[in-house]
Every structure is written in structure tokens, then in C-alpha cells.
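For reference, the structure is listed below as C-alpha cells.
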Amino acid sequence: MKTPRMTSSTVGTGGQPELHRNHEILQRLQHERNTRLAQVNAMEADKPNANEDLVKAQTTAIRMVLAEIEAAVGRVQDGSYGVCHGCEARIPVGRLEILPYVRYCVRCQQQAM
């Protein structure tokens, strides 16, 4: 399944209507959610053959990403999607293409580590 590609006019003040922009972002987040849920389901189906501690750690990490995806959906709805929670600058489109649920720009993410 191919996900929609965001362009510089998709995130920011480009020429596309807000509704279309939000629809594309929500589709991308839905794809991310579905991918993570499929990963969790596959791990749970393979539990008898897997290392229990490893499966638990991986499932916990995926559930944390799912929570981030849900938070990103909320940001789309309240209009704050694509704005860094640290410095309030626009998060670069390329970063949002790779991690559509990200809260921080690269600089602020590095400072948080």
C-alpha cells in the first residue's frame, strides 16, 4: 500500500486547501497506525516461538509509537501539526515524511536526549 507523499505545499502555508492537507496527513498517520498494529499482531501470533522478554519489549515500543500517532492525529485536529513542541518552529517536511508523528525538530530532539 502506497502512502501519500507530503510536499512543501502539503505542510505549511502552501496553496492546497487546509481540508485536503489534513486528509493527506491523516491518511499517512492511519497507514503508520495500521503498520504498527500489524507488527503487534504478528508478534502476538508468533509468541509460542519467540523470546518472551523480546516480544514484550518490542510490543511496548510499538505501543508507545501508537500513542505518538494518536497524539499526532490530535495535533492535526487542533491545527498544531508540524510545529515543534520545543522551539515552535515548523518541522521540516522531510522529517514529517519519515516520522509523520514526530513532535520535535531534529535540533530539539537532540537536546532532549
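This one's a predicted model, so the numbers in the text were calculated from it and none came from an experiment.
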Next on the checklist: I'd like to check the side-chain hydrogen bond (donor to acceptor under 3.5 Å, both in side chains) partners of Arg33; sequence neighbours left out, ordered by chain and number.
Outcome noted: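 Only Gln30, Glu70 meet the side-chain hydrogen bond (donor to acceptor under 3.5 Å, both in side chains) criterion with Arg33.
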Are [Y] and [X] connected into the same hydrophobic cluster when the rule is that any two of I, L, V, M, F, W, Y join if their side-chain heavy atoms are below 4.5 Å apart?
| X | Y | value |
| --- | --- | --- |
| Val83 | Leu96 | no |
| Ile98 | Val76 | yes |
| Val65 | Tyr104 | no |

[X] side, atom [atom1]; [Y] side, atom [atom2] - distance, nearest 0.5 Å:
| X | Y | atom1 | atom2 | result |
| --- | --- | --- | --- | --- |
| Arg107 | Ile91 | CZ | CD1 | 12.0 Å |
| His31 | Ile69 | NE2 | CD1 | 10.0 Å |
| Leu54 | Gln58 | CG | CD | 4.0 Å |
| Arg75 | Leu29 | CZ | CG | 8.5 Å |
| Asn22 | Gln77 | CG | CD | 9.0 Å |

Item to check | Nearest heavy atoms of Leu66 and Arg36, plus distance in Å | outcome: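 For Leu66 versus Arg36, the nearest heavy atoms are CD2-CB, 3.6 Å.
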Next on the checklist: Tell me the closest heavy-atom pair linking Cys87 and Cys105, and the distance in Å.
Outcome noted: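 Minimum heavy-atom contact is SG-SG, 3.9 Å.
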Next on the checklist: side-chain contact (heavy atoms from CB on, under 4.5 Å), that's the test. Do Val73 and Tyr101 meet it? Break it down for me.
Outcome noted: CA-CA 8 Å; Val73 169; Tyr101 47 86; over 6 Å; no
Next on the checklist: Within the 4.5 Å heavy-atom criterion, are Ile62 and Met43 side-chain neighbours or not?
Outcome noted: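 Yes, side chains in contact.
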Next on the checklist: Let's go through Arg95 and Gln109 carefully: what are the C-alpha distance in whole Å and the side-chain angles of both, what is the deciding distance for side-chain contact (heavy atoms from CB on, under 4.5 Å) to 0.1 Å, and is it a yes or a no?
Outcome noted: CA-CA 12 Å; Arg95 181 161 171 78; Gln109 185 71 51; 3.7 Å; yes
Next on the checklist: Enumerate the salt bridge (Lys or Arg N to Asp or Glu O under 4.0 Å) contacts for residues 57-69, please, sequence neighbours excluded, ordered by first and then second residue.
Outcome noted: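 Matches after skipping sequence neighbours: Glu44-Arg63, Glu68-Arg103.
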